Structures are given as structure tokens and as C-alpha cells.
Amino acid sequence: MEEIISLCKRRGFIYQGSEIYGGLAGTWDYGPLGVELKRRVMGAWWEFWVESRDDMYGVDTAIIMNPRTWVASGHAATFSDPLIECKNCHARFRADKIDMENNCPNCGKKDWSDVKQFNMMFETIVGPIKDDKSVAYLRPETAQGIFTNFKNIIDSFYPDLPFGICQQGKAFRNEISPRDFVFRSREFEQMEIEYFVNPDNWETEFDKLLAQIHEFLDLVGIDKTKIHELEVPATECAHYSKRTIDIEFDFLIGREELLGLAYRTDFDLKNIERESGKSMEYRPKDGTAPFVPHVIEPSFGVERLIMAILTTVYTKDGDRVYLKFPKNLAPVRYLVSPLLKNKPELISKAREVYKGLRKRGERVMWDDSGNIGKRYAKADEIGIPECIVIDFETLEDDTVTVRDRDTTEQVRVKIGEL
Ligand code: ATP
């Protein structure tokens, strides 16, 4: 884990948030390669779930919502974790994550406070006056922006059931102890689907979504052998959920939740009906009686997907370290390099190849620093699938060498056939 974190920082994938001021716990900044990776993961998701289907509608809703949203959803009352404090050193922990029979892991004394419930929503103030009426929250999930637009989508599009509404965006949780790199952050990115179904068919639709989730995880190259389905026992499910499956992954920190799939019945839409006084009923086109649809929710976290991808692709082969990204996700697709730096004819030929690939819309990087071995080592650490080198033979027959990241084999290819 330490090696991956260090590579991410060194090579410009992920930096600690506000590092220059000593950091801010639970926040992370994506560098040039990290943002490219993240956008490619989010792009693959959007293409898979929204663009390639007729039954999905994309939205992008506000982060700050009317506070009644969180009263209706139950977050205001119950979105909390149990907090415990060591009265000696004032370190705080999640009471469900440590054994209170033991001494404080920070100072070694045993003097625990009572357990208190700590609400994880970030508060903010809307408008110039700070009073009870101006308090709002940064959304702790993207789902409520979807539910509150259910009626708008029906009115604008009148889709057939089943249909889904999808959203990607930031979510904020004031986690008591952010930890394990980006795994538990205070600001992170979610990708959520609310799939509205006729309650008579929920089981079939649940199974279909579960199969599609596995298809998506495969598409982004996550190691299948490390993925596990945890059927959450009925006694541990949220009271409104009739079935929840946590998709877990063998992270380097242990087996933990990667994403969730939950059948949430009509809990959310009924809550909105109660709080807003507006009907959330769907009128079937065949003239049968209107009803409030039920919902199945696949909920993905981008940071955890990125951690699962990094865990999968991080490869050590003797002294060689490389990131075995699938070609569709690699932040840089080709490296273009002149064999020698001080030969103008090589440089100008290499520039031509570089510009040609750029023009074609490829993600291409230029490198003429150090020697070729060092350039390959750097390209491997970034996970560039192919390195193209322009040498003296190129000037004679217009061929270049293409080196494969995974096998390190080199082949000669005509520039026109690249
Ligand atoms: P956990 O039990 O690990 O706290 P959760 O059950 O609270 O997770 P959900 O509320 O189901 O998580 O959120 C859906 C998804 O959002 C999670 O599966 C995860 O991928 C992501 N997620 C939740 N909290 C965080 C966080 N603090 N940092 C990064 N990703 C998160």
C-alpha cells in the first residue's frame, strides 16, 4: 500500500489535499495522471450505464439542497456513527471499529467517554445571515438529487417502467476517522443509479443489475478473483431494505466494501410524498391503477474503484515496477521518444510522429530526458501501454520500434501503420 501511495504521489496521480499547509485529513488532490484516470473511469461508467442504454436518464443536480431533503430521507435524524473519545488524550474513534475493553490505541490509557451519536453531514450557511433557518448541508450522497427529480423526469419524458436515473458527483461525509488513502475520504465522488421498478418484478431486475455490475467491473479491468458478494443478513439491512448485497474487494488493507446494491422498496419516494405533499405515483400506460414505484440502487464510489484498479494493475517483476492498466483506462496511451536527444534529425522526425498521434486524438506523451532505459522505467510506472522510439533506421525506412509495457518486447512498425 505504501509503495502504491508513494508511486501515486511521485508520478502525479494523487497528492494529499492542502499538503503545503500540512494537509487536511480525508481530502485528496488528483494530479495530471490521476485526473485522467478518474475521468476515464467515470466516462466508462457513464457510457456503460447511460449512453448505451434506452432505459437510463442522466442528471447532474445541486450539491446543496433544501434541508427538508435530509429530514425526509432520514439523514438529519440518523446519518450518524457512534463516536467515543479518550478522556486522557482526547483522541476520537468510531466506537464500532474498536474494542472498548482495550486501552486507547493512541495513549495506552483506558478512560473512555460515553458513546455519542455523531451526525456526519457537513453544515454550511446559505445567504448572509447565520441563523437556524440558513443552515444547509453538503450532500452526503448523490441519490437524493435523483429522488427529488423523479417527478420532473416523469413529466418531461414519461418513460416506461423499469427505468433508471443516474448521477455522478461529489459527496461529503464528516467521517470520524478518514483512513487508508482515498478509501475513506471526507470528500469523494459517487456514481449512483436509482432504478425504478414495478414491485412485482423487483427480484428479476435486482438479478439483472447485479450481473451488469460484474460486467462493468470487468470492463474496467478489476481482478475478478478479488471480488466477493456479501449478502447482508436481513437483521443488518437498513429497515426499509428487503435485500442488500455489498460488493467487496480484497484491498491491500483487507476485504472491504467496494460498492453496494440495495432494494430500497418505495421508502424514498414515500418519504418525499410525506414531506412535500406531492404525489410520486406512476400512471401505467395500459390504464391500470397508479402506484408508487419501488427502487433498486447500485451505488458506486469512484475512489474505491480507483483503489481496486490500482491494486489490480500494480505489478512487480524483479526490479521492474509497472501499472498494467487496460488500454482504455491508461492515462497515457503512447510515449514518443527520439533515441538520442542531441540529433536534430531524430528530434524532428519524432515530433512529426508525436503530432500525428496527437492530431488523431490519442493520449500521447513526449520524453527525451535521460537515457532510453530510464524513459522506459518511467513509462512503466505511469502504465503507458506502448513506447514508440525513433532511431537512425527510422530516417532510412520510416519504421519505428514499438515496445510493449507488459512483455517488454519490441517490434518494428511502419509509421503509416501505427
Ligand atoms: P462504509 O460502510 O464503508 O462506510 P457505506 O455503507 O456508508 O460505506 P454507502 O453509504 O453505501 O457506503 O455509499 C455508497 C458507496 O460510496 C460505497 O460503497 C463507497 O464506494 C462510497 N463511499 C462511501 N463512503 C465513502 C468515503 N468516506 N470515502 C470514499 N468512498 C465512500
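Remember, predicted model here, so these are calculated numbers, not experimental data. Counting starts at 1 for both ligands and their atoms, following the listed order. Sequence positions, counted from 1, serve as the residue numbers for this chain.
Sequence neighbours left out, the pairs with a member in residues 280-296 that pass salt bridge (charged side-chain N to carboxylate O under 4.0 Å, His left out) are Asp160-Lys285. Sorted by first then second residue, the salt bridge (charged side-chain N to carboxylate O under 4.0 Å, His left out) pairs that include residues 102-122, not counting sequence neighbours, number zero.
Note: Phe216 and Phe300 have perpendicular aromatic rings, judged against thresholds of 30 and 60 degrees for the angle between ring planes. Note: His75 and Trp70 have perpendicular aromatic rings, judged against thresholds of 30 and 60 degrees for the angle between ring planes.
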Pairs under 3.5 angstrom, nitrogen or oxygen on both sides, ligand 1 versus protein: list them out, please.
unit_1, atom_1, unit_2, atom_2, d
ligand 1, 3 (O), Arg184, NH2, 3.0
ligand 1, 3 (O), Arg304, NH1, 3.0
ligand 1, 3 (O), Arg304, NH2, 3.2
ligand 1, 4 (O), Arg184, NH1, 2.8
ligand 1, 4 (O), Arg184, NH2, 3.4
ligand 1, 6 (O), Glu257, OE1, 3.4
ligand 1, 7 (O), Arg173, NH1, 3.2
ligand 1, 10 (O), Arg173, NH1, 3.1
ligand 1, 10 (O), Arg173, NH2, 3.0
ligand 1, 16 (O), Gln190, NE2, 3.3
ligand 1, 18 (O), Glu257, OE2, 2.7
ligand 1, 20 (O), Leu258, O, 2.9
ligand 1, 20 (O), Gly301, N, 3.2
ligand 1, 24 (N), Arg173, NH1, 3.4
ligand 1, 27 (N), Glu175, OE2, 2.8
ligand 1, 27 (N), Ser185, N, 3.4
ligand 1, 27 (N), Ser185, O, 2.8
ligand 1, 28 (N), Phe183, O, 3.2
ligand 1, 28 (N), Ser185, N, 2.9

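Under the ring pair (Phe, Tyr, Trp, His ring centres under 6.0 Å) rule, Tyr263 has a single partner from Phe206, Trp202, Tyr240, which is Trp202.
Residues forming a side chain to side chain contact (heavy atoms under 4.5 Å, CB included) with Gln16 (at least two apart in sequence, or on another chain): Glu19, Trp28.
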